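First the structure, in the form of structure tokens, and then the observations on it.
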Amino acid sequence: MVSEHDAQPAARSGVRSDAQVLVASNRGPVSYTLGEDGSLDARRGGGGLVSGLSAVDDKLWVCAALGAGDREAVRRGVAEQGVRMLDIDAEVHADAYNGIANSVLWFVHHMLYQTPLEPVFDAEFRRQWASFETYNRAFAEALAEEAGQGAAVLVQDYHLALVPGMLRELRPDLRIGHFSHTPWAPVDYFRLLPDDIAEQLLHGILGADRAAFLTRRWADAFIGCCTQILGGTGRTRIGVHGLGADADFLLRRAHEEDVDERMAALREQTGPGRRTIVRVDRTELSKNIVRGLLAYRALLDERPEWRERVVHVAFAYPSRQDLAVYRDYTAEVRRVADEINAEYGTPGWTPVVLHVKDDFARSLAAYRLADVALVNPIRDGMNLVAKEIPVVSDHGCALVLSREAGAYEELGSDAVVVNPYDVSATAAALHEALTMADDERAARTERLAAAAVALPPQQWFLDQLDALRQN
């Protein structure tokens with residue numbers, strides 16, 4: 001889900017060097033903005049990881065300074081209690097984050113490459129890989145410096161895949177865990193990577209005592225890679241923890257005044273008596289927004305009885321716009337939505353209500369209004385939207401869910417399941433969802449919501465911490 005941010009003043013505090021619980025991630029729980037007058041404003045982040053880590057009070061979060069405001073905060077010694085930001089060279093961070101993590105590792109694990117043309121692993125890739133190593137080493141050294149004897153360190157995601165191995169060499173006394181929030185590529189696709197890089201990534205994660213994943217499918221894919229490339233996983237234990245929705249927060253926040261205001265505005269846009277198909281995503285390539293729009297267009301074409309009776313409420317918030325391929329994808333989302341509205345729209349009906357400006361309250365309003373939730377990623381580690389909409393929906397919703405989403409393992413039995421590449425079948429699934437009987441939709445929504453909250457963020461984190469501490 002798109003996160004909400006609340007501005008809070010930054011606190012000045014020293015960072016202790018004997019932490020017993022440490023978390024490492026590229027993005028931390030706070031970011032700083034540098035004002036024209038030189039002031040620094042702090043904004044707290046949201047999302048599953050921030051919520052989950054609230055379960056532990058006495059912890060240290062090591063993260064990267066991501067912008068000019070963050071770097072200025074580090075230079076001035078401004079910090080929040082329990083947070084250490086690393087002022088990694090901006091060019092090194094750009095190479096590591098955009099050049100390797102988001103343009104190589106993300107593409108491999110989500111199987112997004114157009115292989116006749118990409119990837120190309122050349123001298124420029126090797127230069128950026130050296131930056132990725134430098135970036136990971138900076139985290140490993142900071143964690144080694146800050147961790148108390150025998151501390152538990154939980155390293156997050158593909159950005160920091162090399163950290164466990166590097167940290168193990170520096171501090172063999174530590175309990176180290178790594179958690180992958182993305183899918184893991186099957187071995188044949190993973191071996192697109194140069195052989196030495198593939199081995200380095202696997203050895204990096206296997207530096208952890210425990211490597212954990214969102215679903216058994218992703219864990220098995222990792223084990224398969226380790227088995228075929230390295231001969232096994234060594235002493236590293238493998239775990240699965242399916243992150244759930246934070247029901248208490250969502251239900252409380254979804255009924256605040258600003259959400260009610262957004263609901264009124266959305267109702268005015270959709271028109272009285274019309275059904276709603278809702279999606280909330282960032283314009284991430286793996287989210288499959290364009291095929292979702294094409295399926296909706298096929299629904300209107302093949303089932304003309306739905307014209308003027310249904311509206312597709314599509315929130316596609318721009319993501320990673322510093323990469324050209326993402327800018328082009330965002331533009332294509334706009335183009336297809338405009339094309340549908342031009343082809344089918346009437347003076348009293350706009351078939352697609354598209355919003356591209358991030359608005360958390362508006363997302364919750366759409367959740368409440370949803371008759372059908374469309375979640376059709378090409379490939380997704382989990383997808384919390386699929387879990388959150390059934391929890392928040394006012395009158396129950398039918399879930400159209402890709403079988404390639406991690407959430408499929410938990411929600412598939414009560415969803416209308418689709419092959420994300422099959423536009424015609426997705427159109428048929430939308431029709432099935434729209435025509436589902438009220439009592440069946442209500443019963444499915446109840447079961448979906450129960451499954452969605454089975455492992456809420458705080459328990460999700462505590463389960464990992466407990467498992468890591470067990471011998």
Side-chain angles (χ1 to χ4, degrees), residues 24 100-101 104-113 115 118-119 121 125-126 129 132-133 136 140 152-169 172 174-243 286 377-382 402-410 412 460 463-471:
I100 298 297
V104 176
L105 301 184
W106 180 274
F107 274 65
V108 167
H109 289 314
H110 290 83
M111 301 171 65
L112 290 174
Y113 278 124
T115 52
E118 56 185 8
F121 296 121
F125 165 78
R126 292 289 174 172
W129 183 259
F132 187 74
E133 292 174 317
N136 275 252
V153 182
L154 291 105
V155 181
Q156 304 297 312
D157 229 355
Y158 60 102
H159 313 89
L160 303 179
L162 303 182
V163 169
M166 293 175 171
L167 182 57
R168 175 66 63 208
E169 293 182 1
L174 300 178
R175 295 290 181 89
I176 304 171
H178 185 277
F179 194 91
S180 294
H181 294 262
T182 65
W184 192 272
V187 64
D188 288 347
Y189 207 92
F190 187 72
R191 297 192 87 160
L192 289 177
L193 292 166
D195 291 351
D196 61 316
I197 300 300
E199 292 182 13
Q200 191 177 352
L201 284 166
L202 295 175
H203 280 304
I205 291 178
L206 293 178
D209 296 284
R210 194 169 185 273
F213 300 84
L214 287 164
T215 74
R216 172 51 54 187
R217 179 182 179 185
W218 312 141
D220 287 346
F222 176 76
I223 293 169
C225 288
C226 291
T227 300
Q228 292 200 36
I229 296 173
L230 302 179
T233 58
R235 296 181 178 180
T236 302
R237 291 174 291 135
I238 309 299
V240 175
H241 302 274
L243 176 61
S286 64
I378 293 169
R379 195 167 163 86
D380 214 334
M382 176 54 66
S402 167
R403 68 191 186 196
E404 297 302 315
Y408 166 73
E409 286 193 13
E410 299 166 59
W460 169 82
D463 282 2
Q464 291 178 65
L465 186 59
D466 290 345
L468 180 60
R469 285 170 166 166
Q470 293 172 6
N471 188 353

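Given the structure is predicted, the values throughout are model-derived calculations rather than measurements.
By the side-chain hydrogen bond (donor to acceptor under 3.5 Å, both in side chains) test, Trp218 is found to be paired with Thr215, residues two or more places apart in sequence or in another chain being considered. Under the ring pair (Phe, Tyr, Trp, His ring centres under 6.0 Å) criterion, His203 pairs with no residue at all, not counting sequence neighbours. Listed by chain and number, the residues in a ring pair (Phe, Tyr, Trp, His ring centres under 6.0 Å) with His178 amount to none (sequence neighbours excluded). Every residue two or more places apart in sequence or in another chain that forms a ring pair (Phe, Tyr, Trp, His ring centres under 6.0 Å) with His109 is listed here: Trp184. Residues passing the side-chain contact (heavy atoms from CB on, under 4.5 Å) test with Gln228, sequence neighbours excluded: Val187. Ala161 meets the side-chain contact (heavy atoms from CB on, under 4.5 Å) test with Leu201, Ile205; sequence neighbours excluded. Remark: Tyr408 pairs with no residue by the side-chain hydrogen bond (donor to acceptor under 3.5 Å, both in side chains) rule, at least two apart or across chains. Taking the side-chain hydrogen bond (donor to acceptor under 3.5 Å, both in side chains) definition, one finds that Arg403 meets it with nothing, sequence neighbours left out. Not counting sequence neighbours, the partners of Trp129 by the side-chain hydrogen bond (donor to acceptor under 3.5 Å, both in side chains) test are Glu133, Gln200. In terms of the salt bridge (charged side-chain N to carboxylate O under 4.0 Å, His left out) criterion, residue partners of Glu410 (sequence neighbours excluded) are, by chain and number, Lys387.
Residue pairs meeting the side-chain hydrogen bond (donor to acceptor under 3.5 Å, both in side chains) criterion with at least one member in residues 187-198, sequence neighbours excluded: Arg126-Asp196. The salt bridge (Lys or Arg N to Asp or Glu O under 4.0 Å) analysis of residues 207-218, with sequence neighbours excluded, yields the pairs Arg168-Asp209, Arg216-Asp220, Arg217-Glu404.
Pro183 and Asp380 get closest at one heavy-atom pair: CG-C, 3.7 Å. Between Leu206 and Thr236 the shortest heavy-atom distance is O-OG1, 2.8 Å. In plain terms, the two heavy atoms of Glu118 and Tyr113 that are nearest each other are CG-CD2, 3.5 Å. The two residues Ala185 and Ala221 come nearest to each other via the heavy atoms O-CB, 3.8 Å. Listed here is the closest heavy atom pair of Ala208 and Pro164: N-CB, 3.6 Å. Residues Phe179 and Gln464 approach most closely at CD1-OE1, 3.1 Å, considering heavy atoms.
Side-chain contact between Pro119 and Phe125 is absent, with no heavy atoms from C-beta onward closer than 4.5 Å. In this structure the side chain of Phe190 reaches within 4.5 angstrom of the side chain of Ile229, judged on heavy atoms. By the 4.5 Å heavy-atom criterion applied to side chains, Ser286 and Pro377 are not counted as neighbours. Ile197 places none of its side-chain heavy atoms less than 4.5 Å from the side chain of Phe121.
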From CA spacing to verdict: side-chain contact (heavy atoms from CB on, under 4.5 Å), Val163, Ile176: CA-CA 10 Å; Val163 169; Ile176 304 171; over 6 Å; no

